[in-house]
Amino acid sequence: MRDTWPLLDKIPFPAIRRGTLQTLQVNVGYRCNQSCVHCHVNAGPNRTEEMEAATADVVLAFLEKRRIATLDITGGAPELNANFRRLVTAARDMGVKVMDRHNLTVQEQPGQEDLPEFLADNQVEIVASMPCYLQDNVDRQRGKGVYDGSVRALKRLNALGYGREGSGLTLNLVYNPLGPSLPPPQAELEADYKRILGERFGIAFNNLFTLANMPIQRFGAILMSQGQFETYLDTLLHAHRDENLDGVMCRTLLSVDWRGYTYDCDFNQMLDLPLTHRAKRTHLSELLEHDIAGNSIRVAGHCFGCTAGQGSSCGGALKEAAE
Ligand code: SF4
Ligand code: SF4
């Protein structure tokens with residue numbers, strides 16, 4: 001796979017600094033039951049990187065010590081990690097809000113039969129990928145049969161109250177474009193998703209987040225092999241809006257990898273741009289007593305994926321998400 005970092009590193013991006021830390025985003029491993037073409041993690045069934053119990057203990061100690069409001073668990077398919085459920089229940093016992101970056105089809109993996117009930121019992125907020133309401137587009141990006149599996153999973157979640165008014169169980173969907181273009185306006189697309197998924201399947205959800213694809217890892221390599229890397233970067237650069245700089249997720253989020261090393265965001269994790277101290281990687285255990293507010297953020301050309309157009313953060317379009 002061709003690496004896009006040498007090209008991204010040459011592109012300057014405005015300097016930004018960290019604010020108050022609110023969210024710990026923990027990548028518990030790169031194993032996934034899917035191998036989507038746009039995956040910025042390059043996740044798949046054969047990846048062996050997995051967070052161990054001792055690292056999960058550090059995560060829990062950090063949540064408690066630094067009084068973090070939100071634990072955002074990602075992967076791969078995070079639910080496949082042996083420590084996933086322990087992280088969720090221990091964080092919830094501390095009163096921490098927990099988000100699960102959920103690919104929906106993992107519900108049909110062996111041993112995950114009770115996953116929807118577990119998530120509901122712990123009031124975990126679900127952020128689920130659903131890159132289109134049309135079968136062909138979903139299966140092309142995420143693999144054959146993923147659309148049908150996702151619909152079944154969404155129905156299961158709805159049956160438990162997820163996405164239903166007054167249930168207190170939040171189900172958000174994530175859209176990202178199929179190719180090298182910016183996402184359409186979030187509010188309009190959300191209305192289309194609600195209408196079509198509602199009419200066809202009776203599916204309900206709370207919000208749709210639209211995210212731009214990052215020109216890194218699998219998607220970046222595809223862009224390069226198809227000669228579209230420069231054009232896509234140009235699209236992102238020309239759509240950059242300074243006002244999006246305040247809302248980028250790295251200001252309030254710290255990303256942790258499966259070994260416990262820290263990064264400004266999950267994208268920097270995938271580009272292997274760690275937080276460092278005296279030229280050494282910073283482990284989460286070293287930040288138990290140390291506040292990183294005010295530190296500068298490691299930026300480069302890929303960051304335009306967060307500030308182009310309506311902007312993209314973990315919570316979707318920046319402007320509309322703030323409204
Ligand atoms: S995009 Fe998500 S579901 Fe698809 S391979 Fe990557 S981690 Fe797995
Ligand atoms: S990719 Fe986005 S979230 Fe990550 S450092 Fe750049 S601006 Fe921040």
Side-chain angles (χ1 to χ4, degrees), residues 4-5 8-9 11-19 23 25 27-47 49 72-81 100-109 127-131 138-143 145-147 149-150 153 173-176 178 211-220 236 240-242 244-255 258 262-275 295-308 311-315 318:
T4 55
W5 174 242
L8 295 168
D9 190 26
I11 302 171
F13 185 85
I16 48 175
R17 289 190 174 275
R18 295 191 145 274
T23 300
Q25 188 177 62
N27 192 319
V28 292
Y30 304 154
R31 183 158 60 106
C32 187
N33 55 305
Q34 294 183 187
S35 310
C36 310
V37 291
H38 68 282
C39 183
H40 75 267
V41 182
N42 197 20
N46 299 326
R47 297 296 297 256
E49 300 87 345
D72 181 347
I73 312 181
T74 187
E79 304 88 347
L80 297 179
N81 181 280
D100 177 25
R101 305 264 158 188
H102 179 58
N103 74 13
L104 296 170
T105 60
V106 73
Q107 289 180 26
E108 297 184 347
Q109 290 293 300
V127 183
S129 304
M130 188 74 175
V138 173
D139 285 356
R140 246 192 308 147
Q141 187 180 95
R142 299 176 73 75
V146 168
Y147 184 79
S150 301
L173 301 186
V174 177
Y175 163 91
N176 57 284
L178 274 170
L211 303 179
N213 286 314
M214 275 286 161
I216 62 174
Q217 292 283 25
R218 209 172 277 159
F219 186 71
L236 296 180
H240 167 78
R241 285 164 48 177
D242 263 351
N244 287 335
L245 287 169
D246 283 344
V248 288
M249 62 179 168
C250 49
R251 290 203 185 265
T252 55
L253 172 150
L254 180 66
S255 163
W258 59 282
T262 53
Y263 307 79
D264 285 313
C265 69
D266 203 44
F267 305 122
N268 282 8
Q269 180 180 146
M270 297 313 141
L271 287 166
D272 197 24
L273 306 174
L275 262 60
N295 285 10
S296 61
I297 294 167
R298 185 80 194 271
V299 291
H302 61 295
C303 296
F304 287 102
C306 292
T307 58
S312 298
S313 74
C314 277
L318 296 172

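One-based numbering, in listed order, for ligands and for the atoms of each.
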Going by the order shown, which atoms of ligand 2 are within less than 4.0 Å of some heavy atom of [X]?
X    : value
H302 : 1 (S)
F267 : 1 (S)
C265 : 1 (S), 3 (S), 4 (Fe), 5 (S)
I297 : 5 (S)

Nearest heavy-atom neighbours spanning G76 and C32 |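 Heavy-atom minimum between the residues: CA-CB, 3.9 Å.
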
Please check if the side chain of [X] supplies one atom and the backbone of [Y] the other of a donor-acceptor pair under 3.5 Å.
X    : Y    : value
R101 : S129 : no
R47  : N42  : yes
D72  : Q25  : no

Counterpart residues, side chain to side chain contact (heavy atoms under 4.5 Å, CB included), relative to R298 (two or more places apart) |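 With sequence neighbours excluded, R298 shows a side chain to side chain contact (heavy atoms under 4.5 Å, CB included) to W5, D264, N268, L273, given in chain and number order.
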
Side chains of W258 and R31 in contact at under 4.5 Å (non-hydrogen atoms) =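 No, every pair of side-chain atoms sits at 4.5 Å or beyond.
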
Under the criterion side chain to side chain contact (heavy atoms under 4.5 Å, CB included), which of N103, L104, T105 is the partner of R142?
->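 Only one of N103, L104, T105 forms a side chain to side chain contact (heavy atoms under 4.5 Å, CB included) with R142, namely N103.
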
Identified side chain to side chain contact (heavy atoms under 4.5 Å, CB included) counterpart of D266 within the set L253, L271, V41 |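 Result: among L253, L271, V41, V41 is the only option passing the side chain to side chain contact (heavy atoms under 4.5 Å, CB included) with D266.
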
Exactly which residues line ligand 1, taking a heavy atom under 4.0 Å from it as the test?
->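 If the criterion is a heavy atom under 4.0 Å, then ligand 1 touches C32, Q34, S35, C36, H38, C39, A43, G76, N103, R142.
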
Taking both backbone and side-chain atoms into account, decide whether C303 has an N/O/S atom under 2.8 Å from atom 6 (Fe) of ligand 2.
->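 An N, O or S atom of C303 is closer than 2.8 Å to atom 6 (Fe) of ligand 2, so yes.
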
